[in-house]
Number of protein chains: 2
Amino acid sequence: MAGKRGKARTDGGGTGEDAPSDPPLTRERIVATAVDLLDAEGIGGLTMRRLADRLGAGVMSLYWHVENKDDVLALALDTVLAYRPPASTDVPADWRGQVVHLLEDWRVAMLRHPWAATLLPRQPLGRNALDRLERLSRTLSEAGVADDDLNAAIWSLWNSVMGATVTRASYDRSAEDRAAAQRRLEDPSGQHPTIERSRLLLDDDWDGVFRRGIGFLLDGLSRRPR
Amino acid sequence: MAGKRGKARTDGGGTGEDAPSDPPLTRERIVATAVDLLDAEGIGGLTMRRLADRLGAGVMSLYWHVENKDDVLALALDTVLAYRPPASTDVPADWRGQVVHLLEDWRVAMLRHPWAATLLPRQPLGRNALDRLERLSRTLSEAGVADDDLNAAIWSLWNSVMGATVTRASYDRSAEDRAAAQRRLEDPSGQHPTIERSRLLLDDDWDGVFRRGIGFLLDGLSRRPR
DNA sequence: ACCTGAACACCGTTCAAGT
DNA sequence: ACCTGAACACCGTTCAAGT
């Protein structure tokens with residue numbers, strides 16, 4: 001095992017003529033690889049050195065294409081947040097259905113990449129996040145939500161999406177883990193009788209809770225005089 | 001400047017008899033200092049070495065009292081989440097008022113220590129978090145929320161608290177910063193007409209948004225057949 | 001224009017000691 | 001029982017070069 005661990009030039013022993021040498025570094029390739037790495041190893045697993053390794057480049061080469069690590073994270077997040085509109089036949093006709101679709105799609109995008117949930121609220125909003133907010137805002141506005149209520153409506157819904165994703169991204173443990181949490185609760189028994197009895201920590205109907213919460217908010221918003 | 005930087009024994013030049021030498025390390029002292037450090041420097045500012053410095057001890061001394069850095073974070077979080085019930089005269093008489101109080105108090109506790117918002121959803125729930133959930137649960141249950149609805153109600157409200165705190169902890173920038181965000185929005189103009197016009201990014205009525213969101217959720221929950 | 005290694009100033013934690 | 005320094009295996013990033 002001579003040599004350093006990076007730059008794994010994979011040409012066998014021969015001429016190296018047709019070796020699949022690494023394509024040149026680009027911003028896009030860096031970001032795509034960062035997303036893969038984040039998906040595979042979580043947020044603590046993304047390291048400039050490891051990222052460079054995966055790309056078959058030296059660490060410092062990244063810095064030509066990218067500002068710094070924060071920049072990589074921001075770009076990865078924005079990539080993952082891109083909104084891909086459904087076929088127009090699948091778009092609900094009513095505004096409520098449209099809003100629910102936008103929010104569910106948002107939530108699903110973040111849950112596919114759990115690290116995104118913790119990242120989103122800690123950087124300035126990127127293009128794709130703003131796009132989603134714009135769509136949501138337009139839908140609500142067209143539905144007749146008064147201008148005065150618009151921002152409050154959006155932030156309330158945003159809070160639900162953020163709360164739901166941030167929580168689930170970290171508490172969606174195995175049934176095993178949930179059972180353990182419940183047992184821990186019961187151990188010095190009597191401390192938490194209500195949530196012990198309701199089995200709060202065993203609950204895992206994330207989708208249902210999210211939908212109902214959104215539903216309540218929309219009820220409240222649409223009942224407002226306009 | 002000879003000597004290392006830690007262990008700043010502050011006895012002047014004399015006998016050192018009555019020097020205010022550091023009190024012995026204890027779990028409590030470590031956690032309290034960690035909270036101070038987190039408040040002052042944010043989550044990235046907490047380092048085992050810096051923490052030890054503040055305590056006038058060697059780094060490794062901490063490990064006698066504490067498992068590891070994660071343990072310190074969990075303990076700091078739990079400390080900050082302790083619920084201090086108000087004087088009984090200040091407790092609202094109606095269940096809605098009680099719930100709102102519990103949630104507002106929770107939110108305020110987290111906003112006082114913005115690092116707590118990002119920490120809470122990434123560790124198993126500690127004693128004080130469970131206590132708060134228990135109180136919330138009991139209040140709702142006594143108010144007549146059906147057992148089947150209880151968990152969904154709690155998680156919905158939890159989502160609102162988490163979303164609101166996590167978001168605010170990182171977006172509550174100065175008026176200056178908010179203006180900059182708005183300008184960035186207007187720059188390649190026409191991309192986001194609706195949120196540009198509604199000045200979504202300039203909005204800072206966090207309290208109002210939170211209260212209204214909670215209100216809508218409670219409306220929805222209490223209108224359920226029981 | 002693009003890529004590089006050496007070096008710096010940090011991390012958290014293991015381990016073998018000290019008292 | 002409590003505290004310690006040296007050492008290890010990492011970090012992100014600066015800088016001065018290389019092609």
Side-chain angles (χ1 to χ4, degrees), chain A residues 1-10 16 19 21-31 33-34 37-38 40-77 115 118-119 122-123, chain B residues 1-11 16 19 21-31 33-34 37-38 40-77 115 119 122-123:
Chain A
M1 281 299 166
K4 51 199 176 70
R5 60 160 201 259
K7 267 297 196 183
R9 296 228 151 275
T10 29
S21 99
D22 299 303
L25 278 182
T26 61
R27 219 162 202 266
E28 291 71 40
R29 224 162 71 77
I30 291 175
V31 174
T33 308
L37 191 50
L38 284 163
E41 313 271 359
I43 203 144
L46 180 71
T47 272
M48 293 304 269
R49 290 171 210 257
R50 287 215 253 178
L51 181 53
D53 263 17
R54 277 211 179 199
L55 289 159
V59 204
M60 294 317 298
S61 311
L62 304 180
Y63 286 81
W64 178 262
H65 305 272
V66 126
E67 204 84 29
N68 51 31
K69 186 180 177 177
D70 259 15
D71 195 22
V72 175
L73 288 174
L75 292 167
L77 176 61
W115 46 272
T118 52
L119 238 43
R122 78 171 83 159
Q123 354 215 355
Chain B
M1 283 300 162
K4 52 201 174 70
R5 61 161 202 259
K7 268 297 197 185
R9 295 229 152 275
T10 30
D11 33 6
S21 101
D22 299 303
L25 278 182
T26 61
R27 220 162 202 267
E28 291 70 41
R29 223 162 70 79
I30 292 175
V31 175
T33 308
L37 191 50
L38 284 163
E41 313 270 0
I43 202 146
L46 180 72
T47 272
M48 294 302 271
R49 290 171 210 257
R50 287 215 252 177
L51 182 53
D53 263 17
R54 277 211 179 198
L55 289 159
V59 205
M60 294 316 299
S61 310
L62 303 181
Y63 286 80
W64 178 262
H65 304 271
V66 127
E67 203 83 29
N68 52 30
K69 186 180 177 178
D70 259 16
D71 196 23
V72 175
L73 288 173
L75 291 167
L77 177 61
W115 46 271
L119 237 44
R122 78 171 81 159
Q123 355 215 355

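This structure is a prediction, so every number in the text was calculated from the model and none was measured. Below, chains carry the letters A, B, ... as their sequence lines are ordered, and counting in each starts from 1.
At whole-Å resolution of the value, CD1 in A/Ile43 and P in D/dG12 are 12 Å apart. Taking atom CE of B/Met60 as the reference point, atom P of D/dT4 lies 11 Å away to the nearest angstrom. Distance CG (A/Asp71) to P (D/dT13): 10 Å, rounded to an integer number of Å. Atom CD in A/Glu67 sits roughly 14 Å away from atom C1' in D/dT14 (whole-Å rounding). Between the P atom of D/dC15 and the CG atom of A/Asn68 lies a distance of 15 Å, rounded to the nearest Å. D/dC10 atom P lies 11 Å from atom CG of A/Asp53, rounded to whole Å. In this structure, B/Leu73 places its CG atom 10 Å from P of C/dG12, rounding to the nearest Å. Between the CG atom of B/Asp70 and the P atom of C/dG12 there is a distance of 11 Å, given to the nearest Å.
Partner B/Thr33 forms a side-chain contact (heavy atoms from CB on, under 4.5 Å) with one of B/Asp53, B/Leu51, B/Val72 and no other, that one being B/Leu51.
Checking C/dG12, D/dC3, D/dT13 against every side-chain atom of B/Pro24, the shortest atom distance belongs to D/dC3. The side chain of B/Val59 lies closest to C/dT13 when the candidates are C/dT13, C/dC3, C/dA7. The nucleotide whose nearest atom lies closest to any side-chain atom of B/Lys69 is, among D/dG12, C/dG12, C/dC3, C/dG12.
Annotation for A/Met48 and A/Leu62: closest pair O-CD1, 3.5 Å, computed over non-hydrogen atoms. Here the shortest heavy-atom pairing between B/Ala76 and B/Leu38 reads CB-CD1, 3.9 Å. The two residues A/Ala57 and A/Leu25 come nearest to each other via the heavy atoms CB-CD1, 3.8 Å.
Comparing C/dA17 with D/dC2, their C1' atoms sit 13 Å apart, to the nearest whole Å. Taking the C1' atoms as reference points, D/dA16 lies 13 Å from C/dC3, given to the whole Å.
An OP1 or OP2 oxygen of D/dC3 is reached within less than 4.0 angstrom by a side-chain nitrogen or oxygen of B/His65. A/Trp64 has a side-chain polar atom (N or O) that falls below the 4.0 Å cut-off from OP1 or OP2 of C/dC2. Distances shorter than 4.0 Å separate some side-chain N or O of A/Arg50 from OP1 or OP2 on D/dC11. Residue B/Tyr63 places at least one side-chain N or O under 4.0 Å from the OP1 or OP2 atom of C/dT13.
Nucleotide C/dC2 forms a pair with D/dG18, judged by Watson-Crick or G-U wobble geometry with both contacts under 3.5 Å. Using N1 to N3 plus N6-O4 or O6-N4 for Watson-Crick, or N1-O2 and O6-N3 for G-U wobble, each under 3.5 Å, C/dC11 pairs with nothing.
In this structure, the side chain of B/Thr26 engages the main chain of B/Arg29 through a donor-acceptor pair within 3.5 Å.
Nucleic acid contact for A/Thr47: sugar-phosphate only, since backbone atoms but no base atoms lie under 4.0 Å from a heavy atom of the residue.
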